[in-house]
Amino acid sequence: MSEEKTKATDALLYQKKSFYEVFAANSEEVTAAYDYAKGYMAYMDASKTEREAVVASIALAEAQGYRAWKLGEPLTAGDRVYYNNRGKNLFLIAVGTEDINNGIRFVASHIDAPRLDLKPCPVYEDHGMGFLKTHYYGGIRKYQWVTVPLALHGVVVKADGTVVNVVVGEDDSDPVFYINDLLPHLGRADESKPLGAAIPGEKLNILVGSMPLTEEGEDKPEADGVKRNVLKLLNDKYGINEEDFISAELSLVPSAKARDVGFDRSMIGAYGHDDRVCSYPALTALFESNDTKHTCMAILADKEETGSDGVTGMQCELVLDLIDALADALGGRSSIIRANSKCLSADVTANYDPNFPDVFEIRNAAIINCGISLAKYTGSGGKGGTNDASAEFVGWIRSVLKDAGVVWQIAELGRVDAGGGGTVAKFLSKHNIDTIDIGVGVTSMHAPYEVIAKADLYEAHRAFKAFYLA
Ligand code: MN
Ligand code: MN
């Protein structure tokens, strides 16, 4: 074949391109991507729970002129508002100048992440060690959570209704918490266990103390002295008692901060990239899209990791109420708005991992640094539980990304029948809103410390901006 013929057929091939093939290492784009990552890392360190992510996101939004808004209050074209749903789920709304019946541009991500929640009666003592019982939240590989430093985050609502905020284990001077594991010397029987059976859920008990409460003049500690001492320390600091744990939302998360990963600093390690790595770009892209005539909404959802149920999850009808409010305020109709709306379900996918090639199908896997990953469908088995965007909608978003010069790739989560997963996509599309999954590739998803690439993060920002503006 002549060289010319080879070139002609080259154009027929779909080939993923790395961000670093598109942009040279010393280019403005690479510098911009690495600068952008700094803001993201600060956001991550401030956002270890959905509540903290809401606070951090509101701070960013208010700095951009967004103000708090409630159902029933007026709205007009040009307004920049946010709706804070119970401190755990946030909607940012940029009211556009065009007819609201032309639809809304949604970018829906989630700000909850897998972790260990405290049980309602968590405190106990056994042979001199004080512990807190946990109930894991979301899909975790339990063996990954033992013997790593953990921090306690959350709120306690006292009997009088006062809300106490708790963060212990993040400051360098703070203590951290810990889950025991077996020493290898005594682990012979465990060696042959399947991974999933090695650490059962009821072994995820948090070590929180070992010093019994003693009083002067007493020759030996009281029964349950360690537990009593833990409760006394908590009472001294927060004014809470054991019963107050019943009305608390306290979670153990890894105490590690976001850090550059690799000699080249091209990656970021952090807790909870899934899915704050899409939430942060959903916000920054919105802030840079003031030129759009469309009404845009960035959704930061809660409860995605447990099925999107509850009043702060994407299955709650609040999103319909917000569309109704926009329709009422701007003279539109909800059914028409929804029919003309477009939604990016912005959630992470799995990066191809050379250490575990068997669960991926390389021709359809997300490759690190090849940009944001578009997923036509998710689900498991025979596409069970999937949104499956139409070819027409995939075609539209493909041209939007191409026109904006975004580095992007098509990807499936993994090999057929290797497992699967879902996103909030199906909870938006059930309202007659065209929806497609798109997100950043993650390495070691749902682990206490996950890894993403700075290039893919930056392309998420650019992709969402292109979508709001298109
Ligand atoms: Mn996710
Ligand atoms: Mn997840």
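Both counts, for ligands and for their atoms, begin at 1 and track the order of listing. The structure displayed is predicted, hence computed values, not measured ones.
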request  = Indicate if the distance from the Mn ion (ligand 2) to the nearest N, O or S atom of D347 falls below 2.8 Å.
outcome  =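 False for D347.
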ask   = Within less than 2.8 Å of the Mn ion (ligand 2), any N, O or S from H110?
value =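 It does not; every qualifying atom lies at 2.8 Å or beyond.
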With a 6.0 Å cut-off on the ring centroids, do [X] and [Y] count as close?
| X | Y | value |
| --- | --- | --- |
| Y36 | H461 | yes |
| Y280 | F464 | no |
| F287 | Y66 | yes |

message = We want to know whether S109 and S279 form a side-chain donor-acceptor pair, criterion being a heavy-atom distance below 3.5 angstrom.
response =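 Looking only at side-chain atoms, S279 and S109 do form a donor-acceptor pair, the distance falling under 3.5 Å.
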task = With the Mn ion (ligand 1) as the reference point, give the N/O/S atom of D274 that is nearest.
result =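 It is OD1 of D274.
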task = Considering just N/O/S atoms, say which atom of E305 is closest to the Mn ion (ligand 2).
result =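 This turns out to be OE2.
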